[in-house]
Every structure is written in structure tokens, then in C-alpha cells.
Amino acid sequence: QVQLVESGGGLVQAGGSLRLSCAASERTFSSYTMGWFRQPPGKERQFVAAINWTGGSKYYGDPVKGRFSISRDNAKNTVYLQMNSLKPEDTAVYYCAPHIGGDIYSDYAYNYWGQGTQVSVSS
């Protein structure tokens, strides 16, 4: 079973940047499409971005297109989320998980969630 640990969150001012990391415990991670989701306070989990196992296909939610970038390093069993031009509405707990089948934009298609990392953006 893959275990995931997210890191890199923090408090940043609007317009700033953060880079999140998601480290997996197993090399089998490299065969999965990986996704990032976020859960704002009092709201449901939302799709942020996903990347296939080669890194050749990337998918983004509309609110983050042009500002966020997903990447991966399979040699390090790690997937990254570079977040630029952050906005207060980006405030959320950010999670990563492997895609296990189904709609890539739905959190039902993912499993083995990490504990999340908090991102807070002040105005």
C-alpha cells in the first residue's frame, strides 16, 4: 500500500508562491497517475491538478490554470505542485493521491490519501 506525505504548505501573502511536495513510500508510485486536490474550509474537496506516470500529460482545474504547475520525479517518488500568483481563495488543505480508476477530475477516482498540508493565503 502506497503511503504519501505532503509538505511545503504555509502562510503566504497574495501574489506569492509555494511549492508543495508529495513523497510516496514505494517505487510503485511511478506507475500511477497522481493528483492534487484541495479542501477549503467548510467546502468539499476540489480537483487541482493531475499528471500521468510519464509526466507527459497534465490536467488542471479551471481556478488554477496558468498559475499552478504539476510535475513529478519518479526517481525520487515525488510529485510537486508549484503554485504561483496565489490568491486568498487558494486557502485550503492540499492533498495528493494516486489515481486508481475513473474520472480523473473526481476524488472518487483516487485512494491512499496523505494527511494533507495547509496553505493559507492572506490578502
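Note that the structure is a prediction, hence the values are computed from the model and not measured.
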Practice problem: For Glu89 and Thr91, run side chain to side chain contact (heavy atoms under 4.5 Å, CB included): C-alpha distance rounded to whole Å, both residues' side-chain angles, the deciding distance at 0.1 Å, then the answer. | Solution: CA-CA 5 Å; Glu89 51 263 44; Thr91 294; over 6 Å; no
Quiz item: Should Val64 and Met83 be counted in the same cluster of Ile, Leu, Val, Met, Phe, Trp and Tyr side chains packed under 4.5 Å apart?
Solution: yes
Quiz item: What residues, two or more places apart in sequence or in another chain, satisfy side chain to side chain donor-acceptor pair (under 3.5 Å) together with Thr54?
Solution: Asn52
Exercise. Would you kindly confirm whether Met34 and Tyr95 end up in one hydrophobic cluster when ILVMFWY residues are joined by side chain heavy atoms under 4.5 Å apart?
Key: no
Quiz item: Looking at Ser123 and Ala14, what are the two nearest heavy atoms and their distance?
Solution: CA-CB, 4.3 Å
Self-check item: 4.5 Å side-chain heavy-atom contact, Tyr94 and Leu81
Solution: yes
Quiz item: Would Ile51 end up clustered with Phe37 when hydrophobic side chains under 4.5 Å apart are linked, directly or stepwise?
Solution: no
Practice problem: Over all heavy atoms of both residues, which pair between Leu4 and Pro98 is shortest? Give the atoms and the distance, please. | Solution: CD1-CD, 3.5 Å
Quiz item: Applying disulfide (SG to SG under 2.5 Å), which residue pairs with at least one partner in residues 55-99 are found, sequence neighbours left out?
Solution: Cys22-Cys96
Self-check item: Partners passing side chain to side chain donor-acceptor pair (under 3.5 Å) against Lys65 (at least two apart in sequence or in another chain)
Solution: Asp62
Quiz item: Cluster question for you: counting only ILVMFWY and a side-chain heavy-atom cut-off of under 4.5 Å, with indirect links fine, are Ile70 and Tyr32 together?
Solution: yes
Quiz prompt | Set of residues satisfying side chain to side chain donor-acceptor pair (under 3.5 Å) with respect to Glu26, sequence neighbours excluded | solution = Thr28
Practice problem: Mind jotting down which residue pairs meet the ring-ring contact (aromatic ring centres under 6.0 Å, His included) criterion with at least one end in residues 58-82? Sequence neighbours excluded, please. | Solution: none
Quiz prompt | Heavy-atom pair of closest approach, residues Val119 and Leu18 | solution = CG1-CD1, 3.9 Å
Self-check item: Residue pairs fulfilling disulfide (SG to SG under 2.5 Å) with at least one residue in residues 35-87, sequence neighbours excluded
Solution: none
Practice problem: State which residues pass salt bridge (charged side-chain N to carboxylate O under 4.0 Å, His left out) with Arg67; sequence neighbours excluded, sorted by chain then number. | Solution: Asp90
Practice problem: Write out all pairs satisfying side chain to side chain donor-acceptor pair (under 3.5 Å) with one or both partners inside residues 109-119, taking only residues at least two apart or from two chains. | Solution: Gln118-Ser120
Exercise. Show your reasoning for whether side chain to side chain contact (heavy atoms under 4.5 Å, CB included) applies to Arg72 and Phe29.
Key: CA-CA 11 Å; Arg72 68 190 298 162; Phe29 151 91; 3.6 Å; yes
Quiz item: Closest approach of Thr33 and Ala50, non-hydrogen atoms and distance?
Solution: CG2-CB, 4.4 Å
Practice problem: Write out all pairs satisfying salt bridge (Lys or Arg N to Asp or Glu O under 4.0 Å) with one or both partners inside residues 113-123, taking only residues at least two apart or from two chains. | Solution: none
Quiz item: Out of curiosity, does Val93 fall in the hydrophobic cluster containing Val79 (side-chain heavy atoms, cut-off under 4.5 Å, transitive links)?
Solution: no
Quiz prompt | Of all pairs that satisfy side chain to side chain donor-acceptor pair (under 3.5 Å), the ones with a partner from residues 6-18, not counting sequence neighbours | solution = Ser17-Asn84
Quiz item: Around Gln3, counting heavy atoms of other residues, nucleotides and ligands shown, do more than 12 lie under 6.0 Å from its CD?
Solution: no
Quiz item: Cluster partners of Leu11, using ILVMFWY side-chain heavy atoms under 4.5 angstrom, listed by chain and number?
Solution: none
Quiz item: Which residue pairs pass the side chain to side chain donor-acceptor pair (under 3.5 Å) test when at least one of the two sits in residues 98-109, sequence neighbours left out?
Solution: Arg45-Asp107
